[in-house]
Colleague: 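For reference, the structure I am asking about is given below.
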Amino acid sequence: MNRILIGAQWGDEGKGKVIDILAAKSDVVVRYQGGPNAGHTIKVHGRKFVLHLIPSGVLYPKKVCVIGNGVVIDPEALFEEIDMLERGGVKVRGRLFISDQAHLIFPYHLLMDRLREASLKRGKAIGTTKRGIGPCYADKMARVGIRVCDLKSMSYLRQRLSDVVRERNAVLTKVYKHKPISFKKTFAYCKKIRSRLLKLAIDTPKYLYEASRAGKDILFEGAQGTLLDVDHGTYPFVTSSNATVGGAITGTGIAPTFIDRILGVVKAYTTRVGEGPFPSQFPAGLMEIVQKKGDEFGSTTGRPRRCGWFDAVIAGHAVRINGLDAMAIMKLDVLSGLKELKIATAYRVNGKVTRDYPHAINEFSAAKPIYETMKGWDEDITGCKKWSDLPVNARKYLKRLEQLTGTPIKIVSVGSQRHQTIFL
Ligand code: GDP
Ligand code: IMO
Ligand code: MG
């Protein structure tokens, strides 16, 4: 069975935990978009791992991990992550492959990300992770990117890189009044990372095709979330890749006919890190309580995540865009102790009521949620093992989420550890 796992909100839904669980029943785990902007947390036997580039199936010793062509790879970040895992006793060698078509993040992409963000006025900056993601994808689309396979021939690379550096320096010096980057240093950087990177590179579309034909189970690991998708998210406050289901197809080269199931990972409430509108955001007070209880601090940047009520308008959007078969509802335990729970079921936008997600960012910014209120529960649910262990109000809340999204819940997560999971 080949499954795609997608974040249904603004990222950090708990994808890492679900991938880690589902990886037990898969042979290959594949990342298909994003890059080291992602931070996927896995906690096993009291140990914590945060993965940025390497698929979250890596903690199982025999699983093959693949980084697809749609991912942007920062070689140094990748090597650091491999070394971190190997030091922690997780053998990566021989079972991690990267696409030779994946684009590379260079130090000049990190610089551009930082300069561009700094040049934007308050309210306009995206609040990126400053990992060079936007500038690298921009180069890919502008056809001036450098791919893993371009490292094979140093003479080709020299020529291509010199064109890129010349153009980059025109922008750096004229637009940002920054000192130029050195071709020599950039070329030396390529020499440094080249052989280690090329050892991992294969024809990943062919590998995945053959694995699937041979009956292997493949799990596609989304990064970010539907509302951060460059086409279907809250543009321009998005990331620069397709975090929705189409990204899994183009970002790996697997054909849609090979996909059997699409699972949405959904937090029982909503969070957002970085800038951009967030209609169901909590008022101060409640914000701090949930932030603290849910440990809502970015896995990549450490920034506090804004928190808010469950938003059925955006969840409905995620269901439609991704064709979700089922949902995993995460962090239900964090809601324990709240007297009442609100769910945004519609928005009022400039006087009109709508259940549709408004595409124009000024309309989305103006959206005022219309809430329905449900009773909360007091019990600690972190030890619940099955549906019937959950307090009746928690069950009612979950049933309502199913009704509002028209999508069945298959997994309920009640804690960050592997075993704190209820399967329905
Ligand atoms: P991802 O980017 O979607 O993989 O999510 P992150 O790892 O960035 O953030 C999710 C955070 O929630 C991590 O710290 C997880 O360890 C934690 N987490 C996952 N599921 C649960 C849960 O059910 N309850 C609690 N309390 N924490 C959870
Ligand atoms: P995971 O995979 C949450 C956000 C940033 C910023 C916007 C653009 O852990 O869910 P970028 O650096 O991508 O150009 O930043 O996207 N963002 C995320 N938010 N989880 C993530 O990944 C994110 N990756 C990027 O905060 O608002
Ligand atoms: Mg994360």
Side-chain angles (χ1 to χ4, degrees), residues 5-21 31-44 47-53 55-56 71-72 74 105 109-110 112-114 116-117 125-138 221-230 233-241 243 264-269 271-278 290 292-306 328-336 380-382 384 411-422:
L5 183 136
I6 303 260
Q9 293 148 319
W10 275 287
D12 302 327
E13 295 89 352
K15 298 178 292 294
K17 171 174 169 173
V18 182
I19 289 282
D20 171 68
I21 290 169
R31 270 284 302 272
Y32 54 84
Q33 45 69 235
N37 50 348
H40 297 175
T41 315
I42 307 163
K43 291 187 189 159
V44 197
R47 289 175 78 195
K48 175 174 158 175
F49 294 89
V50 182
L51 299 168
H52 302 286
L53 272 165
S56 302
V71 176
V72 286
D74 179 332
I105 300 177
H109 291 125
L110 298 161
M112 289 297 294
D113 200 354
R114 193 160 55 73
R116 198 174 282 163
E117 279 285 277
I126 310 292
T128 73
T129 58
K130 300 203 174 68
R131 296 298 186 271
I133 305 296
C136 184
Y137 277 115
E221 173 176 1
Q224 289 81 52
T226 299
L227 275 296
L228 287 172
D229 181 282
V230 69
T234 49
Y235 191 90
F237 297 99
V238 291
T239 191
S240 301
S241 67
V265 185
V266 186
K267 220 175 253 189
Y269 47 102
T271 61
R272 175 160 209 181
V273 63
E275 302 305 321
F278 180 0
V290 175
K292 194 158 171 237
K293 190 145 184 242
D295 194 18
E296 294 294 0
F297 296 89
S299 322
T300 298
T301 58
R303 293 176 294 176
R305 297 173 184 150
R306 291 180 276 155
I329 300 290
M330 312 303 288
K331 302 189 94 159
L332 189 66
D333 55 300
V334 176
L335 297 180
S336 293
D380 174 356
I381 61 169
T382 54
C384 291
I411 292 173
V412 179
S413 177
V414 293
S416 55
Q417 300 281 333
R418 247 184 212 167
H419 66 269
Q420 293 175 300
T421 312
I422 301 171

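Whatever order the structure lists ligands and atoms in, that order sets their numbers, starting from 1. Note that the structure is a prediction, hence the values are computed from the model and not measured.
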Colleague: For G274, counting its heavy atoms only, list the atoms of ligand 2 lying under 4.0 Å from any of them.
Modeller: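 Every atom of ligand 2 under 4.0 Å from some heavy atom of G274: 26 (O), 27 (O).
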
Colleague: Applying side-chain hydrogen bond (donor to acceptor under 3.5 Å, both in side chains) between E296 and each of R306, K267, R272, report the one that passes.
Modeller: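 Of the listed options, the one satisfying the test is K267.
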
Colleague: Give a yes or no on whether a salt bridge exists between D74 and R131, defined as a side-chain N under 4.0 angstrom from a carboxylate O.
Modeller: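 No, no charged N to carboxylate O under 4.0 Å.
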
Colleague: Given K130, R116, H40, R303, identify the one with the heavy atom nearest to atom 2 (O) of ligand 2.
Modeller: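 The nearest heavy atom belongs to H40.
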
Colleague: Return the option from G35, G127, G132 holding the heavy atom at the smallest distance from atom 5 (C) of ligand 2.
Modeller: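 Going through G35, G127, G132 one by one, G127 has the nearest heavy atom to atom 5 (C) of ligand 2.
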
Colleague: As an exercise, identify every atom of ligand 2 less than 4.0 angstrom from a heavy atom of W10.
Modeller: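 In order of number, 3 (C), 19 (N).
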
Colleague: Does an N or O from V273, backbone or side chain, lie closer than 3.5 Å to an N or O of ligand 2?
Modeller: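 So ligand 2 has an N or O lying under 3.5 Å from an N or O of V273.
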
Colleague: Does ligand 1 have any atom that is closer than 4.0 Å to a heavy atom of Q417?
Modeller: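 No; Q417 lies far enough from ligand 1 that no heavy-atom distance drops under 4.0 Å.
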
Colleague: Should you measure from each heavy atom of G14, which atoms of ligand 1 turn up under 4.0 Å away?
Modeller: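 Near G14, meaning under 4.0 Å from one of its heavy atoms, ligand 1 has 1 (P), 3 (O), 4 (O), 5 (O).
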
Colleague: Got the closest protein heavy atom to atom 18 (N) of ligand 1, with its distance?
Modeller: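 Residue, atom and distance for the closest contact: S416 CB, 3.8 Å.
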
Colleague: Considering heavy atoms of the protein only, find what lies nearest to atom 12 (O) of ligand 2 and give residue, atom and distance to 0.1 Å.
Modeller: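 For this ligand atom, the closest protein heavy atom is T129 OG1, 2.6 Å.
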
Colleague: side-chain contact (heavy atoms from CB on, under 4.5 Å) between I21 and R418: does it pass, once the steps are laid out?
Modeller: CA-CA 7 Å; I21 290 169; R418 247 184 212 167; 4.3 Å; yes

Colleague: At what distance is the nearest protein heavy atom to atom 15 (O) of ligand 2, and which residue and atom is it?
Modeller: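 Ranked first by proximity to atom 15 (O) of ligand 2 is T128 CA, 3.3 Å.
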
Colleague: With atoms numbered from 1 as shown, which atoms in ligand 2 lie under 4.0 angstrom from a non-hydrogen atom of A223?
Modeller: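 Those qualifying, in numeric order: 2 (O).
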
Colleague: Judged by atom type as modelled, is there a donor-acceptor pair below 3.5 Å linking the side chain of Y235 to the main-chain atoms of D229?
Modeller: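 Absent.
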
Colleague: Who passes side-chain hydrogen bond (donor to acceptor under 3.5 Å, both in side chains) against K17, sequence neighbours left out?
Modeller: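 By the side-chain hydrogen bond (donor to acceptor under 3.5 Å, both in side chains) rule, K17 matches S413, T421.
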
Colleague: Are side-chain N/O atoms of T271 and D12 paired as donor and acceptor at under 3.5 Å?
Modeller: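 The criterion, which ignores hydrogens and geometry beyond distance, is not satisfied for D12 and T271.
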
Colleague: Say whether, by atom type as modelled, one donor and one acceptor occur between the side chain of Q9 and the main chain of L227 under 3.5 angstrom.
Modeller: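 Not confirmed, Q9 side chain does not pair with L227 backbone.
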
Colleague: Kindly confirm or rule out an N or O of G415 lying under 3.5 angstrom from an N or O of ligand 1.
Modeller: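 N/O-N/O distance below 3.5 Å exists for this pair.
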
Colleague: Heavy-atom distance to atom 23 (C) of ligand 2: which of Q224, E13, E221 wins?
Modeller: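 Going through Q224, E13, E221 one by one, Q224 has the nearest heavy atom to atom 23 (C) of ligand 2.
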
Colleague: When you compare ligand 1 with K331, is there at least one nitrogen or oxygen pair between them that comes in under 3.5 angstrom?
Modeller: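 Looking only at distances, the answer is yes, because the N/O contact criterion of under 3.5 Å is met.
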
Colleague: Using heavy-atom distances only, which candidate in R305, K15, H40 approaches atom 9 (O) of ligand 1 most closely?
Modeller: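 Closest candidate by heavy-atom distance is R305.
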
Colleague: Side-chain contact test, heavy atoms from C-beta onward, threshold under 4.5 Å: evaluate it for S336 versus K293 and give yes or no.
Modeller: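 Side-chain contact under 4.5 Å: yes.
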
Colleague: Nearest to atom 20 (N) of ligand 2, what protein heavy atom do you find, and at what distance?
Modeller: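 Its nearest protein heavy-atom neighbour is D12 OD1, 3.1 Å.
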
Colleague: The Mg ion (ligand 3) is nearest to which N, O or S atom of D12?
Modeller: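 Within D12, restricted to N, O or S, the Mg ion (ligand 3) is closest to atom OD1.
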
Colleague: Quick check against the 3.5 Å criterion: does E117 have a side-chain atom that pairs as donor or acceptor with the backbone of D113?
Modeller: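 Between the backbone of D113 and the side chain of E117 there is no qualifying donor-acceptor contact (under 3.5 Å).
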
Colleague: Taking heavy atoms and a distance under 4.0 Å, where does S299 meet ligand 1: side chain, backbone, both or neither?
Modeller: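 Contact part for S299 vs ligand 1: side chain (C-beta onward).
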
Colleague: Taking 4.0 Å as the limit for heavy-atom contacts, which would you say applies to D12 with ligand 1: side chain only, backbone only, both, or neither?
Modeller: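 Answer for D12: both.
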
Colleague: Main chain of T129, side chain of T301: is a donor-acceptor contact present, judged purely on distance under 3.5 Å?
Modeller: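 No; zero donor-acceptor contacts below 3.5 Å.
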
Colleague: For atom 15 (C) of ligand 1, grab the closest protein heavy atom and report residue, atom and distance to one decimal in Å.
Modeller: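 Minimum-distance protein heavy atom for atom 15 (C) of ligand 1 reads T41 CB, 4.0 Å.
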
Colleague: Which residue and atom name correspond to the protein heavy atom nearest atom 16 (O) of ligand 2, and how close is it?
Modeller: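 Sorting protein heavy atoms by distance from atom 16 (O) of ligand 2 puts L228 CD2, 3.6 Å first.
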
Colleague: Indicate yes or no: does an N/O atom of G16 lie under 3.5 Å from an N/O atom of ligand 1?
Modeller: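 Yes, G16 has an N/O under 3.5 Å of an N/O on ligand 1.
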
Colleague: Please determine whether G39 has a backbone or side-chain N, O or S atom lying under 2.8 Å from the Mg ion (ligand 3).
Modeller: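 Yes, since at least one N, O or S atom of G39 sits under 2.8 Å from the Mg ion (ligand 3).
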
Colleague: Using atom types as modelled and distance alone, determine if a side-chain donor or acceptor of T41 lies under 3.5 Å from a backbone N or O of F49.
Modeller: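 It does not hold such a pair.
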
Colleague: Looking at atom 13 (O) of ligand 2, what's its closest protein heavy atom, distance included?
Modeller: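 Answer, as residue, atom name and distance: T239 OG1, 2.6 Å.
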
Colleague: Determine whether T234 and F278 satisfy the following criterion, side-chain contact (heavy atoms from CB on, under 4.5 Å), listing intermediate values before the conclusion.
Modeller: CA-CA 9 Å; T234 49; F278 180 0; over 6 Å; no

Colleague: Could you list the atoms of ligand 1 found under 4.0 angstrom from a heavy atom of V334?
Modeller: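 In order of numbering, the contacting atoms are 26 (N).
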
Colleague: Relative to the heavy atoms of K15, which atoms of ligand 2 are at a distance of less than 4.0 Å?
Modeller: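 Under 4.0 Å from K15, ligand 2 has these atoms: 1 (P), 2 (O), 10 (O).
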
Colleague: Under 4.0 Å, counting heavy atoms only: does D333 come that close to any atom of ligand 1?
Modeller: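 Heavy atoms of D333 do come under 4.0 Å of ligand 1.
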
Colleague: Could you list the atoms of ligand 2 found under 4.0 angstrom from a heavy atom of A38?
Modeller: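 So the answer, numbered in order with elements, is 1 (P), 2 (O), 9 (O), 22 (O).
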
Colleague: Quick one: does any side-chain atom of E275 pair with a main-chain N or O of G127 as donor and acceptor, under 3.5 Å?
Modeller: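 Side chain of E275 to backbone of G127, a donor-acceptor pair under 3.5 Å: no, none is there.
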
Colleague: Any idea which protein heavy atom is nearest atom 7 (C) of ligand 2, and the distance to it?
Modeller: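 Of every protein heavy atom, V238 O, 3.9 Å lies nearest to atom 7 (C) of ligand 2.
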
Colleague: Counting C-beta onward and ignoring hydrogens, is there a side-chain heavy-atom pair between I105 and P36 closer than 4.5 Å?
Modeller: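 Answer yes - side chains close enough.
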
Colleague: Test your reading of the model: is there a side-chain donor-acceptor pair from T300 to the backbone of N37, 3.5 Å cut-off?
Modeller: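 Checked: pair present.
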
Colleague: Using non-hydrogen atoms of the residue, decide whether G7 is closer than 4.0 angstrom to ligand 2.
Modeller: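 The answer is no, since G7 has no heavy atom less than 4.0 Å from ligand 2.
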
Colleague: Under 4.5 Å between any side-chain heavy atoms of I422 and V414, yes or no?
Modeller: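 In contact.
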
Colleague: Which of the atoms of ligand 1 are close to S413, meaning less than 4.0 Å from one of its heavy atoms?
Modeller: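 Reading through ligand 1 atom by atom, the close ones are 20 (N), 21 (C), 22 (C), 23 (O).
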
Colleague: Within the 4.0 Å heavy-atom shell around K17, which atoms of ligand 1 are there?
Modeller: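 Once the distances to K17 are compared, the set is 20 (N).
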
Colleague: Is the closest side-chain donor-acceptor distance between T239 and Q224 under 3.5 Å?
Modeller: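 Side-chain D/A pair, T239 to Q224: absent.
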
Colleague: Side chains of L228 and S241, heavy atoms from C-beta outward: is any pair under 4.5 Å?
Modeller: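 With C-beta onward as the side chain, the pair stays apart.
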
Colleague: Got an N/O contact under 3.5 Å between G39 and ligand 1?
Modeller: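 So ligand 1 has an N or O lying under 3.5 Å from an N or O of G39.
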
Colleague: Quick one: does any side-chain atom of K331 pair with a main-chain N or O of G14 as donor and acceptor, under 3.5 Å?
Modeller: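 Between the backbone of G14 and the side chain of K331 there is no qualifying donor-acceptor contact (under 3.5 Å).
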
